[in-house]
Amino acid sequence: MNVTAYRRGRTVRTIAASMLAVAALSVTAACSGGGDGGSDNAGKANSSASAPASKDNQGGKDNQGGKDNQGGKENATGAAGDAGVKDAKSQAQKSGGGSESEPIGDCDINKTAISVQNVKSPVNHMLLKATNKAGVDCKLVGYPGLKFGAEAQAATPVNEDSKPQAVVTLAPGESAYAGITTSAADGSGVEGGKVDSLEVFIDGSEDPKPVELPGGSVYVDSAAKVTYWQTDAQTALTW
């Protein structure tokens, strides 16, 4: 091999080695640059993930921002207003302005005129009458308690068939009635005899009122009964 050929071959090998070195440097630089790009993308992803959370938190602040709370205040205010109206109404009623009617009480026996009379029909019957002499309405509950004669051991029993659908209420001056069966019309009664006194009890009063008997006395036996209070005399004498 001559010198010239040797030099050319060495030059070619040098150039080739230089080219390989440059290529290796380019690959190394590319790999290094790719690593930086991955760090940047990871940072952006983390930033994107955290950004919605920040908005949600701000949205939470908006939710707390007062509309619901203000609504609660409005509800509280409305409730307080209702309470105020009720209090005002209560005060108005106490002062007499627009107050409801007082409940109707039982008739006072001392303010009730009571009388009894004989009737032609039905036979062996009497009619008891009670008139409200008070200045206010009152009610007669149930039936009158009757005690014929001073020796009577029990009140005259009531005829349950005569019970009305409602309690009798009397305005001032109005009257209620009760029918009294004094004895059995067919003579089936026992322990009969004449009595010369009658005491009447009404519900709500502890003390009885003596009532004068027509003719001074009446025959009474075991068939004696009294009806519930009725609003008219005809109904009271039905039994």
Determine, step by step, whether V116 and L127 satisfy the side chain to side chain contact (heavy atoms under 4.5 Å, CB included) criterion, reporting the C-alpha distance in whole Å, the side-chain angles of both residues, the deciding distance to 0.1 Å, and the verdict. CA-CA 6 Å; V116 65; L127 180 66; over 6 Å; no
Looking only at heavy atoms, which two atoms of S183 and A223 are closest? And how far apart? C-CB, 4.0 Å
Has the side chain of Q230 got a donor or acceptor atom that lies under 3.5 Å from a matching backbone atom of K163? no
If hydrophobic clusters are built by linking Ile, Leu, Val, Met, Phe, Trp and Tyr wherever their side-chain heavy atoms come under 4.5 Å apart, do V220 and V211 end up in the same one? yes
Do the side chain of S222 and the main chain of E191 share a donor and acceptor less than 3.5 angstrom apart? no
For residues Y177 and T227, determine if any side-chain heavy atom of one lies less than 4.5 Å from a side-chain heavy atom of the other. no
Closest heavy-atom pair and its distance - D108, N110: OD1-N, 2.9 Å
Run F201 and D207 through side chain to side chain contact (heavy atoms under 4.5 Å, CB included) and show every step you take. CA-CA 7 Å; F201 298 80; D207 299 323; over 6 Å; no
Find the distance between SG (C107) and CD1 (I109) and round it off to the nearest 0.5 Å. 10.0 Å
To the closest 0.5 Å, what do you measure between OG (S197) and CD (E212)? 12.0 Å
Distance check, rounded to the nearest 0.5 Å: D106 atom CG versus D203 atom CG? 5.0 Å
Single hit among T181, V119, L213 for side-chain contact (heavy atoms from CB on, under 4.5 Å) with M126: L213
Looking at K209 and I114, would you say the former's side chain and the latter's main chain have a donor-acceptor pair under 3.5 Å? no
Anything under 3.5 Å between a donor and an acceptor, one on a side chain of residues 134-161, the other on a protein residue two or more places apart or in another chain? List them.
{"residue": "Q153", "atom": "NE2", "partner": "E151", "partner atom": "O", "Å": "3.1"}
{"residue": "N159", "atom": "OD1", "partner": "D161", "partner atom": "N", "Å": "3.0"}
{"residue": "E160", "atom": "OE1", "partner": "Y228", "partner atom": "OH", "Å": "2.9"}

Return the CG to OG1 distance between D221 and T182, rounded to the nearest 0.5 Å. 7.5 Å
Counting only heavy atoms not in E174 (residues, nucleotides, ligands), do more than 12 fall under 6.0 Å from its CD? yes
For the backbone of T238 and the side chain of H125, can you confirm whether one donor and one acceptor N or O come within less than 3.5 Å of each other? no
Please report the interatomic distance CG(N124) to OH(Y219), rounded to the nearest 0.5 Å. 9.5 Å
Following the transitive rule for hydrophobic clusters with a side-chain heavy-atom cut-off under 4.5 Å over Ile, Leu, Val, Met, Phe, Trp and Tyr, establish whether L128 and V195 coincide in one cluster. yes
May I have the step-by-step check of side-chain hydrogen bond (donor to acceptor under 3.5 Å, both in side chains) for T131 and S175, ending in yes or no? CA-CA 4 Å; T131 304; S175 300; 2.7 Å; yes
Euclidean distance, S115 OG relative to L198 CG, rounded to 0.5 Å: 11.0 Å
So which heavy atom on G189 is nearest to which on A184, and how close? N-CB, 3.6 Å
